[in-house]
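Just so you know, these numbers use all the heavy atoms, side chains as well, and skip hydrogens, waters and symmetry mates.
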Amino acid sequence: MKMYQYEKRLDCHALGQEIKRRRKAKGWTQEYLAQLVDLTPRSIMYIENRGQHTSLNAFYKLVTLFDISVDEFFYPDKLGGESERRKHIDRMLNGMDEKELIIIEGAAEGIRKARETEGT
């Protein structure tokens, strides 16, 4: 009897790139992040640049610290209908604070209103 082997693997490279992007957006060094999550700077470098797998505890610390939704990394097939541009914008929005989101919301509202006036 042949055993079934589950083939899917977590793409930690994409996740590492997102961690790197968010760390840089905060102006943090790899050394500072390493201290926050109790890892070595070399571990942070490997996670960001090589997609190295880490412990579940370190993974949890990193994604909660940066408020990263892991759905796009765990279930990439379910998000396949979204364009790369929309995914990129979603990632950028996730990294913004409340004041920045107010600005984005205003811009989106302006675009919506402009569309409505074009039709009249």
Side-chain angles (χ1 to χ4, degrees):
M1 181 165 108
K2 184 177 180 183
M3 296 280 296
Y4 175 76
Q5 186 173 2
Y6 193 68
E7 296 294 326
K8 285 193 172 191
R9 292 183 51 91
L10 177 61
D11 177 10
C12 287
H13 185 70
L15 180 60
Q17 291 296 303
E18 185 64 13
I19 290 167
K20 182 178 191 175
R21 188 187 68 72
R22 291 189 187 213
R23 175 186 58 77
K24 286 184 170 187
K26 290 184 176 283
W28 294 353
T29 64
Q30 290 177 336
E31 291 78 13
Y32 180 72
L33 177 57
Q35 288 176 354
L36 289 176
V37 296
D38 197 29
L39 291 173
T40 66
R42 183 178 294 245
S43 293
I44 297 297
M45 180 188 70
Y46 285 160
I47 290 166
E48 290 181 351
N49 298 326
R50 296 183 181 177
Q52 178 175 315
H53 291 196
T54 186
S55 72
L56 182 57
N57 189 46
F59 171 81
Y60 178 77
K61 287 178 183 180
L62 289 165
V63 298
T64 57
L65 178 66
F66 290 118
D67 196 27
I68 296 173
S69 172
V70 296
D71 283 358
E72 68 183 275
F73 304 105
F74 279 26
Y75 308 107
D77 298 339
K78 291 185 179 181
L79 301 174
E82 294 181 7
S83 73
E84 284 303 312
R85 184 175 313 259
R86 182 171 297 273
K87 290 177 190 177
H88 177 68
I89 291 170
D90 283 343
R91 286 191 297 270
M92 290 189 320
L93 291 173
N94 287 336
M96 292 183 183
D97 65 21
E98 198 60 29
K99 288 180 182 178
E100 293 165 331
L101 289 172
I102 290 170
I103 295 168
I104 298 299
E105 182 180 34
E109 243 342 275
I111 293 169
R112 187 186 60 78
K113 287 179 182 177
R115 279 188 185 157
E116 288 175 357
T117 59
E118 283 178 359
T120 56

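- Note on Leu65: it does not cluster hydrophobically with Met92, by side-chain heavy-atom contacts below 4.5 Å among ILVMFWY residues.
- The backbone N or O of Asp97 lies less than 3.5 Å from a partner atom in the side chain of Glu100, making a donor-acceptor pair.
- Residues passing the salt bridge (Lys or Arg N to Asp or Glu O under 4.0 Å) test with Glu18 are Arg21, Arg22, Arg91, sequence neighbours excluded.
- Rounding to the nearest 0.5 angstrom, the gap separating the CG atom in Leu33 from the CG atom in Leu39 is 7.5 Å.
- One hydrophobic cluster holds both Phe66 and Tyr32 under the rule that ILVMFWY side chains link at heavy-atom gaps under 4.5 Å.
- Closest approach of Pro41 and Ala34 over heavy atoms only: N-CB, 3.5 Å.
- Partner of Glu48 under the side chain to side chain donor-acceptor pair (under 3.5 Å) criterion, chosen from Lys20, Gln17, His13, Arg23: Arg23.
- Trp28 and Val63 fall within the same hydrophobic cluster, where Ile, Leu, Val, Met, Phe, Trp and Tyr residues are linked whenever their side-chain heavy atoms come under 4.5 Å apart, directly or through other members.
- With rounding to the nearest 0.5 Å, the separation of CG in Leu62 from OG1 in Thr64 is 8.0 Å.
- Here the CD1-CE distance, from Ile103 to Met96, works out to 8.5 Å after rounding to the nearest 0.5 Å.
- For Arg42, the side chain to side chain donor-acceptor pair (under 3.5 Å) partners at least two apart in sequence or on another chain are Tyr46.
- With rounding to the nearest 0.5 angstrom, the CD1 atom of Ile68 is 9.0 Å from the CG atom of Asn94.
- Ile111 and Leu101 fall into different hydrophobic clusters, where Ile, Leu, Val, Met, Phe, Trp and Tyr are joined by side-chain heavy atoms under 4.5 Å apart, directly or via other members.
- Of the inter-residue distances, the one linking Glu31 atom CD with Thr40 atom OG1 reads 10.0 Å to the nearest 0.5 angstrom.
- Linking ILVMFWY residues whenever their side-chain heavy atoms come closer than 4.5 Å, directly or via other members, places Phe59 and Leu36 in the same cluster.
- Considering CD1 of Ile44 and CG of Asn49, their distance stands at 11.0 Å, rounded to 0.5 Å.
- Listed by chain and residue number, Arg112 satisfy the salt bridge (Lys or Arg N to Asp or Glu O under 4.0 Å) test with Glu109 (two or more places apart in sequence, or in another chain).
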